[in-house]
Amino acid sequence: KPTDVAEVQKYIADNYAQPNPDTYGIAKGRNVIYIHLESFQQFLINYKLKDKNGVEHEVTPFLNSLFSSKETFAFDNFFHQVKAGKTSDAETLMEDSFFGLSQGSFFVSNGGKNTFQAAPDILGQVGGYTSAVFHGNVGSFWNRNETYKRLGYDYFFDQTYFDVDKSNSFQYGLHDKYMFGDSINYLEHLQQPFYTKFITVSNHYPYVQFEGGEAGFPLANTKDDTINGYFATANYLDTAVKEFFDYLKASGVYKNSVIVLYGDHYGISNSRNPDLAELLGKDKETWSNYDNAMLQRVPYMIVVPGTDKGHVDHTYGGEVDNLPTLMHLLGINNSKYPELGQDMLSPQHKNLVAMRTTDNWVSPDLTSYAGRIYKTATGEEITNPDPATKAVIDANNKKTEKQLKISDAITTGDLLRFWPDDGLKAEDPTKYNYTKGLQ
Ligand code: GP9
Ligand code: MN
């Protein structure tokens, strides 16, 4: 329905954030490498876990070094925006710049039939990129093998491309060190520039210890085994990522690439958070929905080898903002593309994050979560807002509702079928066959 498309177009035009001239195009023409950090929350960054003798163990030393590197644009107020589609919602947000559905997984219900204009498709057309996903689980999980054809992925290296056996895998597939290690054989034959995504699994619930795993990293000592194991599997993931970076550097691929690392969603659910409180220096008894909201932060780090412009950036944003941010770093004009997020490095970024889980939002001043309003800096609850505060709350409600409504129009109405000419050809999913390997 063309009127709906016009409304989406108007939204895009009204919300477009101009690129930052300091960073626009600094990664032009480079390979893109995503590292999907499964269930990884921001609080793990720079966290030290005390063992039973009181000795501190840094959980993720490698990711910590990236976080404070001059080569990294690191965001410490970046929130996941997924709902029931979990990993698949994160993939939708990151690569389409719209949201998953309010119920179920968009990949599962619509990934095999909708029209898309996703990152692999765009970069294939405007930048001559070859695209591939590497993931050690079965290809049909979350309907990926169908959805990726519509996102424009040239290759999908799923479990069938790796040597998976009992000793190196678990219910979600091949453990991360093996997945990265075995992926290199395929990556080396990909035409550059490439656009690739590595989806890790080892730091997935239930965070169990495994042989050849984290080599004795201590367990936390709470009454919840899910929490207790989380640090050790995160430590394993950290080492796996480090080993992969070592390869990228040794092969020379590193300096021609931009590497995007992101946590897809929380790893410890709200119902378990009170038992996490003590490890975070908080009080279990006073743990509130404010604390839950703050824990929805996940890492977002963009490594641009060779730059010295990297810094820890305090802009408030979410997964929907990734694609515009990346496009601008690559020097691609995306102003006509159906992207609902904004460049996190743009001075015009609006610093308001819609949460899909609760249909609430987070901003630097105020947070709305589970129907309550808090001061973001202190956690003080606002039960009786003054008129000025009330106006801000109403405006934030409206803005986030609008963003989600526009997203739902795109996804449930399959509106990109009608997207006006923006220089890109429609994607043809029938040209992909993920069982044939590299050709
Ligand atoms: C499965 C993996 C996990 O292939 O990506 O998905 P999740 O359970 O986190 O949504
Ligand atoms: Mn996940």
Side-chain angles (χ1 to χ4, degrees), residues 34-47 49 59-60 62-64 66-67 75-76 78-94 100 105 107 133-137 141-142 144 169-180 197-210 213-214 217 219-220 222 224-242 244 260-276 279-280 291-301 318-319 322 355-357:
Y34 282 97
I35 299 184
H36 172 112
L37 304 169
E38 180 57 45
S39 302
F40 196 104
Q41 292 175 228
Q42 179 68 18
F43 79 81
L44 290 169
I45 297 294
N46 287 329
Y47 189 80
L49 182 71
V59 181
T60 59
F62 182 68
L63 294 172
N64 297 348
L66 293 182
F67 182 72
F75 296 88
D76 60 357
F78 184 83
F79 292 76
H80 82 76
Q81 298 174 294
V82 312
K83 206 169 181 185
K86 302 297 291 285
T87 292
S88 68
D89 282 355
E91 294 184 67
T92 297
L93 283 149
M94 296 291 293
S105 162
F107 266 35
V133 180
F134 301 85
H135 182 48
N137 199 0
F141 201 98
W142 287 129
R144 285 184 171 107
S169 68
F170 75 134
Q171 66 188 111
Y172 291 101
L174 183 63
H175 279 303
D176 301 339
K177 287 187 190 178
Y178 303 91
M179 187 277 287
F180 282 118
K197 168 157 78 170
F198 295 80
I199 306 177
T200 64
V201 293
S202 299
N203 189 48
H204 191 290
Y205 177 86
Y207 316 113
V208 285
Q209 313 314 299
F210 49 91
E214 45 294 305
F217 195 86
L219 300 180
T222 72
D224 185 337
D225 284 337
T226 298
I227 294 173
N228 294 345
Y230 184 57
F231 301 89
T233 47
N235 174 257
Y236 171 85
L237 169 57
D238 182 74
T239 311
V241 173
K242 182 195 179 294
F244 185 58
V260 182
L261 303 101
Y262 67 96
D264 61 342
H265 49 72
Y266 62 85
I268 306 299
S269 60
N270 285 353
S271 62
R272 296 179 190 277
N273 279 343
D275 283 323
L276 185 63
L279 295 179
L280 303 179
D291 300 299
N292 287 332
M294 297 300 106
L295 276 194
Q296 306 313 308
R297 287 181 172 89
V298 291
Y300 181 50
M301 301 194 270
E319 289 162 332
N322 166 64
M355 311 275 271
R356 197 37 141 169
T357 335

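For the residue pair I199 and H135, the shortest heavy atom distance occurs at O-ND1, 3.1 Å. Contact between W142 and G85 at its shortest, heavy atoms only, is CZ2-O, 3.6 Å. Contact record, H204 with S39: CA-OG, 4.2 Å, taken as the closest heavy-atom pair. V82 and D264 get closest at one heavy-atom pair: CG1-O, 3.5 Å. For the pair P274 and S271, the tightest heavy-atom approach, listed with the atom from each and the gap, is CD-O, 3.7 Å. Minimum heavy-atom separation, I227 to R272: CD1-O, 3.5 Å.
Proximity of the aromatic rings of F198 and F180 is defined here by a centroid distance below 6.0 angstrom, and this criterion is met. In this structure, F170 has its ring center no closer than 6.0 Å to that of F210.
Remark: D76 CG to F67 CZ distance equals 5.0 Å, nearest 0.5 Å. Here CG of L66 is found 10.5 Å from NZ of K242. Values are rounded to the nearest 0.5 Å. Rounding to the nearest 0.5 Å places CG of N64 at 5.5 Å from CD1 of I45. Of the inter-residue distances, the one linking S269 atom OG with L276 atom CG reads 10.5 Å to the nearest 0.5 angstrom. To the nearest 0.5 Å, atom CG of residue N137 and atom OG1 of residue T200 are 11.5 Å apart.
Residues N203 and L37 fail the side-chain proximity criterion, which asks for heavy atoms closer than 4.5 Å. Side-chain contact check for H36 versus Y262: some heavy-atom pair is nearer than 4.5 Å. Residues Q171 and V208 have side chains not in contact (no heavy-atom distance under 4.5 Å, counting atoms from C-beta outward). Side-chain contact between E38 and T233 is absent, with no heavy-atom pair separated by less than 4.5 Å. The shortest side-chain heavy-atom distance between L93 and R356 does not fall under the 4.5 Å cut-off. With a 4.5 Å cut-off on side-chain heavy atoms, Y34 and V133 do not count as touching. Taking 4.5 Å as the limit, every side-chain heavy atom of V201 sits out of range of all side-chain heavy atoms of L174. Between K177 and Y236, some side-chain heavy-atom pair lies under the 4.5 Å cut-off.
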Can you list the steps and then say if D224 with I268 is a side-chain contact (heavy atoms from CB on, under 4.5 Å)? CA-CA 10 Å; D224 185 337; I268 306 299; 5.9 Å; no
Taking it one step at a time, do D89 and H265 satisfy side-chain contact (heavy atoms from CB on, under 4.5 Å)? CA-CA 9 Å; D89 282 355; H265 49 72; over 6 Å; no
Is there a side-chain contact (heavy atoms from CB on, under 4.5 Å) between L44 and F231 once you walk through the steps? CA-CA 8 Å; L44 290 169; F231 301 89; 3.8 Å; yes
Test M94 against K197 for side-chain contact (heavy atoms from CB on, under 4.5 Å), laying out the working first. CA-CA 11 Å; M94 296 291 293; K197 168 157 78 170; over 6 Å; no
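Remark: the backbone N or O of A234 is not paired with any side-chain donor or acceptor of D238 at under 3.5 angstrom. Between the side chain of Y47 and the backbone N or O of L280 there is no donor-acceptor pair closer than 3.5 Å. The backbone N or O of P206 lies less than 3.5 Å from no partner atom in the side chain of T226, so there is not a single donor-acceptor pair. Remark: the backbone N or O of F78 is not paired with any side-chain donor or acceptor of Q42 at under 3.5 angstrom.
Listed by chain and number, the residues in a side chain to side chain contact (heavy atoms under 4.5 Å, CB included) with T357 are H80 (sequence neighbours excluded). A search for side-chain hydrogen bond (donor to acceptor under 3.5 Å, both in side chains) contacts involving S202 returns H175, D176, not counting sequence neighbours. Scanning for salt bridge (charged side-chain N to carboxylate O under 4.0 Å, His left out) contacts around E319 gives an empty result, with sequence neighbours left out. In this view, Y230 satisfies the side-chain hydrogen bond (donor to acceptor under 3.5 Å, both in side chains) rule with no residue, not counting sequence neighbours. In terms of the side-chain hydrogen bond (donor to acceptor under 3.5 Å, both in side chains) criterion, residue partners of N270 (sequence neighbours excluded) are, by chain and number, N273, Q296, Y369. Remark: R297 pairs with no residue by the salt bridge (charged side-chain N to carboxylate O under 4.0 Å, His left out) rule, at least two apart or across chains.
Test F75, F40, F79 against Y300 for ring-ring contact (aromatic ring centres under 6.0 Å, His included) and you get one pass: F75.
Taking a 6.0 Å sphere around OH of Y266, one finds it holds 12 or fewer heavy atoms contributed by other residues, nucleotides or ligands.
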